[in-house]
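Just below is one structure, and these are the notes that go with it.
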Amino acid sequence: MESEFNIEAVETQKCLDSIDYLLRYKGSGAAERLVQSLQNHVGLKGSPVAMMPTTPYINTISVDEQPEYPGDFELEKKIRSAVRWNAMAMVVSANREHEGLGGHISTYASLATLYEIGFTHFFRGPEAESGMDHIYFQGHASPGNYARAFLEGRLNEQHLRNFRQELAEGGGLSSYPHPYLMPDFWQFPTVSMGLGPINAIYHARFMRYLVARGLKPKAESEARVWCFVGDGETGEPETLGQLNIASREKLDNLIFVVNCNLQRLDGPVNGNGKIIQELEGVFRGAGWNVIKVIWGSDWDELLKGPHAALLIKRLGEVVDGQFQKYCVSPGSYIRRDFFGKYPELLEAVSHLTDVQLQKMTRGGHDSRKVYAAYKRAMEMNGKPTVILAQTVKGYGLGEAGEGKNISHQQKKMNERELREFRARFEIPISDEDVVDAPFYKPKASSPEMKYYLEQRKQLGGYVPSRLKEPKAPKFPGTEFYQDFYGNTGDRPISTTMAFVRVLTKLLRDKDLGPYVVPIIPDEARTFGMEALFRQVGIYAHSGQLYEPMDKDTLLYYREEKDGQILEEGINEAGSMASFIAAGTAYSNHGIPTIPFYIYYSMFGFQRVGDSIWAAADSRVRGFLLGGTAGRTTLNGEGLQHQDGHSHLIASTVPNLYAYDPAYIFEIAVIIQDGLKRMYQDHEDVVYYLTLGNENYDMPDKPEGSEVGIVEGMYKLVKSSKKSKLKVQLLGSGSILKEVLRAKDILENQFDIAADVWSVTSYKRLRTEALAAKRWNMFHPTEKAKQSYLEKIVENETDVFIAASDNMKIVADQIAPWIPGGLFTLGTDGFGRSETRENLRRFFEVDGECVAIGALYALSEKGLVKKEEVKKAITKLGVSPEKVYPYCV
Ligand SMILES: Cc1ncc(C[n+]2csc(CCOP(=O)(O)OP(=O)(O)O)c2C)c(N)n1
Ligand SMILES: [Mg+2]
């Protein structure tokens, strides 16, 4: 036994010596390769060893590898302290004046150094040769950004005073990064946890796409995407769920900085474990380069000392909850509880006072360590990098909240706490003034301001900032769309096919085509778009490294380095991130790419609604296409697929125009209008179109219908029947077909004339009607305004009935403006698998039910006898006792 142990020890030592040798003469890459070879070797011998996903709980970059610090510590500290103070003062004064305004102090307090090093040494501005870096700032650290912009002269004292009072005179500052509210300042809305990280990944990839497609020149030194993430935020599936995409795409232009203050809102992120280690494993497993910045320089000595191995062991043993406890404890406790576990460690810190022990910093507050990490991240080749930086939540707040569980919510400071804060960061504010928490700006002539502003100048100007409007590409005129205005003859098509025809033609346009970005989450074949694979190719950064199995066919799966399609795989969240990247490129890159994102409509608003909201906030311009929509139109797929409510959710997004077109000419007119508004008139709007997969004949475009199609409603057929009774039937999407059937039933079987309207957008009709009504409310003595809807229905005195493949409430949106009210039919309830015919009867939106609805509405006005309606129900073969589809 004894001798066996010795053999193992001897052999182990040999291996370690080899590693040391390689480390000394060939660097860490060579050592890593040796370990890898050992692992492979053992695996081949039949006893595979699992790779350890983590490294010891110390900094990745050793002191010996640390680069020279190029900055001026003292001047940087002065600037950082001023920003810290103002960020705190902004929140404190807002909440003093108006209880409940809210805001966060502690997040920025933990981030200050992580931001500072970036702003002073790394983040490149709009004038930089590489182009601007794109930085996703932690949402609730916004006071830090505002405080810095104040020093830069981009915001004034009044702005700061009006933090979270956006309606105040002179303008205020939005709570969080919202490009919609501060369009000259913010680029990326990040405060919905998880959306910043996923959007950052796809943004970094889209930057590569722009270069690969020749839309953006390849700069010698590439711009970076930086994303600051909270450690609590890593709990969101969107944060970690797409890490593999970043490594698959070799995004070395992407740097995540996770601010590991070990706390989230309620308490510790992983009190019983170690979030930094957990994240290291996840990121490394996903193929990222991981740089841990855990300890500040005052740990260097101990970590090089004779008991380093034991200290590292101890650092690895202690869980996060306990490290948090050390933040709020005196040095004597730390000595006893942490170092005291091993007598050797106790001895190792015997020369340090309790105060010194208590002040030993975490890596994320040490400029040298952070600088080293950022520099290495910038030098990384072939992989994205994550920096896991340990910080203290509420750093510098002392008793007011440093490291405390209540820290996140802290928005007030009393006089004593303010004095302490001032003293700790040496802010030159007098004793009398400090209680008012005034803002502090060092003089423009001070060395620190000169230094900082010069650094920003060297780095190319201020960030964040939004770029100016780019030049619009040349747009095809109306003649381009003529192809789509005629009837489809005896070749019925679906609206999805119709859209694909329009898109295909747009892609072929020599001026506009290159800017079109088709985005598809593994659904191209569903939508009949596979011809595009061949026509414009699928973007793949490495091209096609295999021979596609269908190479000898016309429509083979063609991946290309400069492919145009973003084929995202089964990934609606990632596709939305691409949509946002492409739809904001006009502002972020000065390149007006036009995204057309087509997906199963059920997996749009319902699944990634928050991303759509963020897209709208981001001022995205582009088209969302909800394919295979309609609760009864997509018939076989059943409950989880059949969408009858995306138009309802779409109605909640203010700058989004939602259309439910029925015909190819409607689609062509809507897309033409959208392109003009977004890319020629520079309106920040999104167009949403639902598309169906039912084939039917499409008629000629009625003369002069363009305005109505865009405004949301036009008369498709005026009845030629002479009759005492008349109804106005409103239909949308594929149910327009059923409405036309109802017209025939009513006219032929019941002698009731019926006009038919196509309603393309209930949302738009309602929005404009509401605007007119509101104006009238405030201008009661002036001539009342009339919306488009009111104008077109004012002379129609008949009964109105609406039917669509959506919930009834979608059509009900316009009911208040319909003379005599609106009777609505729709598809409320869970979908199910059936034939279209049966489904439409089930949901009561087929021609027969629409006709019954019309008769009933007439009877309600006393124009038809109730008895007649009863007879009609029987005549049309509908069971009055059929189940109520909403809740069976
Ligand atoms: C999707 C979402 N859920 C919840 C919140 C509310 N929220 C804001 S900040 C926060 C805690 C953030 O903790 P962490 O990410 O660790 O950031 P820290 O402030 O500690 O840097 C929570 C829960 C949110 N903004 N977004
Ligand atoms: Mg945190």
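Counting starts at 1 for both ligands and their atoms, in listed order.
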* Within a reach of under 6.0 Å around CZ of R456, are more than 12 heavy atoms found that belong to other residues, nucleotides or ligands? -> yes

* In ligand 1, which numbered atoms sit nearer than 4.0 Å to a non-hydrogen atom of H408? -> 9 (S), 10 (C), 11 (C), 19 (O)

* Report yes or no: does E236 have a heavy atom closer than 4.0 Å to ligand 1? => yes

* To do: Say whether, by atom type as modelled, one donor and one acceptor occur between the side chain of S407 and the main chain of G401 under 3.5 angstrom.
  => yes

* Asked: Is V269 close to ligand 1, meaning an N/O of one under 3.5 Å from an N/O of the other?
  -> no

* To do: Starting from atom 21 (O) of ligand 1, find the nearest protein heavy-atom neighbour and note its residue, name and distance.
  => Q138 NE2, 2.8 Å

* To do: Examine the proximity of ligand 1 to N261 and report which part, side chain or backbone, both or neither, has a heavy atom under 4.0 Å away.
  => side chain

* Any N/O of S192 closer than 3.5 Å to an N/O of ligand 1? -> no

* Evaluating non-hydrogen atoms only, which member of E233, R264, Q263, M193 is closest to atom 26 (N) of ligand 1? -> M193

* Indicate if the distance from the Mg ion (ligand 2) to the nearest N, O or S atom of S110 falls below 2.8 Å. => no

* Determine whether more than 12 heavy atoms belonging to other residues, nucleotides or ligands lie under 6.0 Å from atom NZ of K411. => yes

* Asked: Does the protein place any heavy atom closer than 4.0 Å to atom 1 (C) of ligand 1?
  -> yes

* Asked: Is the backbone of E426 close enough, under 3.5 Å, to the side chain of R422 for a donor and an acceptor to pair up by distance?
  -> no

* **Atom indices of ligand 1, in the order listed, that fall short of 4.0 Å to a heavy atom of N259** => 21 (O)

* To do: Apply the ring-ring contact (aromatic ring centres under 6.0 Å, His included) test between F137 and each candidate in F119, F188, F185, Y146; give the one that qualifies.
  => F119

* **2.8 Å cut-off met by an N, O or S atom of Q263 to the Mg ion (ligand 2)** => yes

* Asked: For atom 14 (P) of ligand 1, which of G232, A141, P268 has the closest heavy atom?
  -> G232

* Asked: Would you find more than 12 non-hydrogen atoms of other residues, nucleotides or ligands less than 6.0 Å from E399 atom CD?
  -> no

* Pick one of side chain, backbone, both or neither for how H140 approaches ligand 1, counting any non-hydrogen atom pair under 4.0 Å. => side chain

* Asked: Could you state the interatomic distance from OG1 (T239) to CE (M193), rounded to the nearest 0.5 Å?
  -> 8.5 Å

* Donor on one side chain, acceptor on other, T385 and Y374, under 3.5 Å -> no

* Asked: Is the side chain of Y136 donor-acceptor paired with the backbone N or O of I198 at a distance under 3.5 Å, no angle test?
  -> no

* **Nearest neighbour of atom 22 (C) of ligand 1 from the list D266, L265, T234, on a heavy-atom basis** => L265

* **Ring centres under 6.0 angstrom apart (Y108, H140)** => no

* Sub-6.0 Å ring centroid separation between F425 and W85 -> no

* To do: Run the numbers for me: atoms of ligand 1, each under 4.0 Å from some heavy atom of K393, listed by number.
  => 18 (P), 19 (O), 20 (O)

* Looking at ligand 1, does any of its N/O atoms fall within less than 3.5 Å of an N/O of V191? -> yes

* Is the Mg ion (ligand 2) less than 2.8 Å from at least one N/O/S atom of D231? -> yes

